[in-house]
Amino acid sequence: MRTLPALCALVAALALAPAAPAAAQPERLTWSVTPARAEGPDARPRFEYTVEPGMRYDDHLAVRNLGGGELTVDLYAADAVNTDSGGFDLLARDEHSPTLGAWVTLTRQQVVVAPRSTAVVPFSLTVPDDAEPGDHVGGLVAAVTTGGQVRVERRVGARLYARVAGPVTPALRIDPPAAAYRGTLNPAGPGEVDVTWTAVNDGNIRVAVRPSVRVHGPFGLTEVSWTGDTLPELLPGNAVTLTRTLTGVWPLGPLTAHVEAEPVTSAGQPLAGAVDPATAETTVWAVPWTALGALLLLSGTLTALWRVRRRTRALTAIA
């Protein structure tokens, strides 16, 4: 019975041994970027200018370190783009920015910000003499790169809008849409239509767009429609692709799918009614295959029964 005393001694030694220090948790990096004056951040939600070709505009950017550790931040400007679904994004650091990203000059490309402190960095916006009228959209980015062999860049940004003086030409178009019909197993039930379309901003100003789609049979029969939430910002030269499934569509042969993109506002200025919506149509065939299959099956069954009955009568007559 020497095992029990040995076990007790081991437990006592572990109890008296100093606890190993817990692994230090990495400091969470949290920062923000806002418009500022030379004295510090101001109340502007974004940088927004109306500018003239050939002019220079000076401003300030505030980088706030909200964490408890020192923060080294890379600063750069980039043009904005729409994602495929219509979201707002900025070009990566190594991607070419032909407008605002090239017009902005920062006095510092990197800044070290003390814990829970703010650094203010001046910058200038120089508009080329040949700048095209209309909206040019981008952002000022504060990026932090972490990691060892695999480097990860995390970035936050402040939006930057510059409307160059001159004629504005709002214009939307829709590329030819695609549609597909899906029936149901119920031969007497309606099916679904998937409609996909792409709205393109061919104008020179950013536009908020309200999408809609409707599907109907010949002569407008059994119309089914949908109107979506307004897409807040379709940038000049950019596009957004949308897909919508409409249910309760009856298989009436050739169906018409009509899609529309209505311009609602631009930079807070109403456009509804002043600019024609973009529209497009396509035809999709909705064939009630389930009903036709059931009808063929019933017809085959009735034909088989008729033949059996006829043969039975013939055999009875011979007998």
Side-chain angles (χ1 to χ4, degrees), residues 23-83 87-129 131 135-164 206 233 235 237-238:
Q25 295 296 321
E27 179 68 33
R28 183 179 178 184
L29 303 178
T30 309
W31 69 102
S32 66
V33 178
T34 59
R37 302 181 304 274
E39 299 79 15
D42 57 29
R44 289 177 292 171
R46 64 187 68 87
F47 296 101
E48 195 159 7
Y49 314 101
T50 299
V51 299
E52 297 279 349
M55 298 296 291
R56 168 176 165 167
Y57 302 84
D58 295 319
D59 210 332
H60 297 81
L61 172 74
V63 181
R64 293 177 172 176
N65 180 1
L66 306 176
E70 188 176 81
L71 190 67
T72 300
V73 178
D74 295 324
L75 303 175
Y76 62 92
D79 286 0
V81 294
N82 283 120
T83 63
F88 185 97
D89 197 8
L90 296 173
L91 295 178
R93 191 195 313 224
D94 57 356
E95 294 181 278
H96 174 63
S97 292
T99 58
L100 279 186
W103 299 356
V104 171
T105 301
L106 289 149
T107 58
R108 301 169 67 182
Q109 280 69 52
Q110 189 177 83
V111 62
V112 178
V113 189
R116 296 181 177 82
S117 299
T118 301
V120 175
V121 179
F123 71 92
S124 61
L125 171 66
T126 303
V127 185
D129 293 333
D135 286 335
H136 300 268
V137 185
L140 292 168
V141 180
V144 173
T145 303
T146 58
Q149 293 182 347
V150 179
R151 308 288 285 173
V152 177
E153 181 182 89
R154 296 166 53 198
R155 60 182 191 164
V156 297
R159 299 191 185 193
L160 193 159
Y161 299 94
R163 176 165 289 188
V164 178
R206 65 189 193 269
E233 225 168 31
L235 305 180
N238 281 250

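Each residue takes its place number in the sequence, starting with 1.
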Verdict with reasoning, Leu91 to Val81, per side chain to side chain contact (heavy atoms under 4.5 Å, CB included): CA-CA 7 Å; Leu91 295 178; Val81 294; 3.8 Å; yes

Using the test side-chain hydrogen bond (donor to acceptor under 3.5 Å, both in side chains), find all partners of Tyr57 that sit at least two apart in sequence or belong to another chain. none

Counterpart residues, salt bridge (Lys or Arg N to Asp or Glu O under 4.0 Å), relative to Glu153 (two or more places apart): Arg93

Val156 vs Ser32 side-chain heavy atoms within contact, under 4.5 Å: no

Looking only at heavy atoms, what is the nearest atom pair of Ala36 and Pro41, with distance? CB-CA, 3.7 Å

Does CZ belonging to Arg56 count more than 12 external heavy atoms closer than 6.0 Å? no

So, does Ser97 use its side chain to make a donor-acceptor pair with the main chain of Ala78 at under 3.5 Å? no

Got Pro35 and Asp59 here, is their nearest side-chain heavy-atom distance under 4.5 Å? no

Under 3.5 Å: donor-acceptor pair, side chain of Arg155, backbone of Leu90: yes

Going by the rule side-chain hydrogen bond (donor to acceptor under 3.5 Å, both in side chains), which residues pair with Thr34 if we only count those two or more places apart in sequence or in a different chain? none

Which residues pass the side-chain hydrogen bond (donor to acceptor under 3.5 Å, both in side chains) test with Thr83, sequence neighbours left out? Ser85

Taking all heavy atoms of Trp31 and all of Arg154, pick out the closest pair and write down the distance. CZ2-O, 3.4 Å

For the residue pair Ala77 and Leu106, what are the closest heavy atoms and their distance? N-CD1, 4.3 Å

Side-chain donor-acceptor pairs under 3.5 Å in residues 117-129, sequence neighbours left out?
unit_1	atom_1	unit_2	atom_2	d
Ser117	OG	Pro115	O	3.0

Let me confirm one number: the CD-NE2 distance from Glu39 to His60, rounded to the nearest 0.5 Å. 8.0 Å

Heavy-atom closest contact (Asp79 atom, Pro98 atom, distance): OD2-CD, 2.8 Å

One should read off an interatomic distance between Gln109 CD and Leu75 CG, to the nearest 0.5 angstrom, of 8.0 Å

Less than 3.5 Å apart, which donor and acceptor atoms pair up between the side chains of residues 135-145 and the rest of the protein, not counting sequence neighbours?
unit_1	atom_1	unit_2	atom_2	d
Asp135	OD1	Arg163	NE	2.6
Asp135	OD1	Arg163	NH2	3.3
Asp135	OD2	Arg163	NH2	2.8
Asp135	OD2	Arg206	N	2.8
His136	NE2	Glu132	O	2.8

Ala114 and Asn65: which non-hydrogen atoms are nearest, and at how many Å? O-ND2, 3.1 Å

What do the steps show when you test Tyr161 against Glu233 for side chain to side chain contact (heavy atoms under 4.5 Å, CB included), and what is the final call? CA-CA 12 Å; Tyr161 299 94; Glu233 225 168 31; 2.6 Å; yes

Side chain of Asp89, backbone of Asn82: donor and acceptor closer than 3.5 Å? no

